Amino acid sequence: MACFTESIVAVGIVSLIKKKAAQKEKSCGIKGANSTKISWTTKLSWLITMLWGGIFLLAIEHIWHGEITPFPPFLTAMNSAEDTANMLYEILTIGSMQVLAITMIWGVMVILADRVLAKFQNQNLAKLS
């Protein structure tokens, strides 16, 4: 019904964290992704993109099934109190699982990206020696 709304909140929170990380990186003199390290702002951008992808896909699915309408109240689950309670339950359960799954996949992706970059740097250092 509206499980994607929790991802919208997560995008907002991650965007604020990214803004703070960008300020800190700027004060430390780190500029984006350099050859020695992938910056946290870049990594958080990946997470934001993944969350927006999940939001988009779920919104399309909900539109397809008629759960989102182009007229108020926009969410068909808001037509009755019982449906609204079910919608809130879905947001808290399925929405949370979606955000958790995307964040876990992103975490694995960040770890793998750091390892691949480190391996690449070690190979380049070996060639220079």
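What you are looking at is a predicted structure, and each value in this text was computed from that prediction instead of being measured. The residues of the chain are indexed from 1 along the displayed sequence.
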Between E6 and L92, which heavy-atom pair has the shortest distance, and what is it?
OE1-CA, 4.0 Å
Nearest-0.5 Å distance that lies between atom CG in D83 and atom CG in L88:
11.0 Å
Which pair of heavy atoms, one from H62 and one from A2, lies closest together, and at what distance?
NE2-N, 4.2 Å
Minimal heavy-atom distance between F4 and Q98, with the atoms involved, is CA-OE1, 4.1 Å
Between M97 and L100, is a side chain to side chain contact (heavy atoms under 4.5 Å, CB included) present by the stated rule, with each step listed?
CA-CA 5 Å; M97 288 295 112; L100 181 64; 4.1 Å; yes
Interatomic distance, CE@M87 vs CG@N79, rounded to 0.5 Å, equals 10.5 Å
Is it true that I13 and M50 fall in one hydrophobic cluster, defined by side-chain heavy atoms closer than 4.5 Å?
yes
Would a single hydrophobic cluster contain both I105 and L51, if residues Ile, Leu, Val, Met, Phe, Trp and Tyr are joined by side-chain heavy-atom contacts under 4.5 Å?
yes
Examine V11 and I60 and state if one hydrophobic cluster contains both, with Ile, Leu, Val, Met, Phe, Trp and Tyr joined whenever side-chain heavy atoms are less than 4.5 Å apart.
no
Got a second to check how far I63's CD1 is from T69's OG1, nearest 0.5 Å?
9.5 Å
To the nearest 0.5 Å, atom CD1 of I17 lies from atom OG1 of T41 at 13.0 Å
Measure across S7 and I55 and return the closest heavy-atom pair with its distance rounded to 0.1 Å.
CB-CG1, 3.4 Å
Atom CH2 in W64, atom CG in L58: separation rounded to 0.5 Å?
15.5 Å
Following the transitive rule for hydrophobic clusters with a side-chain heavy-atom cut-off under 4.5 Å over Ile, Leu, Val, Met, Phe, Trp and Tyr, establish whether V14 and W52 coincide in one cluster.
yes
For the residue pair K18 and S45, what are the closest heavy atoms and their distance?
NZ-OG, 2.8 Å
Result of checking R115, Q123, Q121 against K119 for side-chain contact (heavy atoms from CB on, under 4.5 Å)
Q123
Using atom types as modelled and distance alone, determine if a side-chain donor or acceptor of W106 lies under 3.5 Å from a backbone N or O of K43.
yes
E82 atom CD: more than 12 heavy-atom contacts under 6.0 Å:
no
Report whether I91 and I94 are members of the same hydrophobic cluster (ILVMFWY, side-chain heavy atoms less than 4.5 Å apart, transitive linking).
no
Within the 4.5 Å heavy-atom criterion, are T5 and V9 side-chain neighbours or not?
no
To the closest 0.5 Å, what do you measure between SG (C3) and CD (E61)?
7.5 Å
Could you report the tightest heavy-atom contact between V99 and A10, atom names first, then the distance?
CG1-CB, 4.0 Å
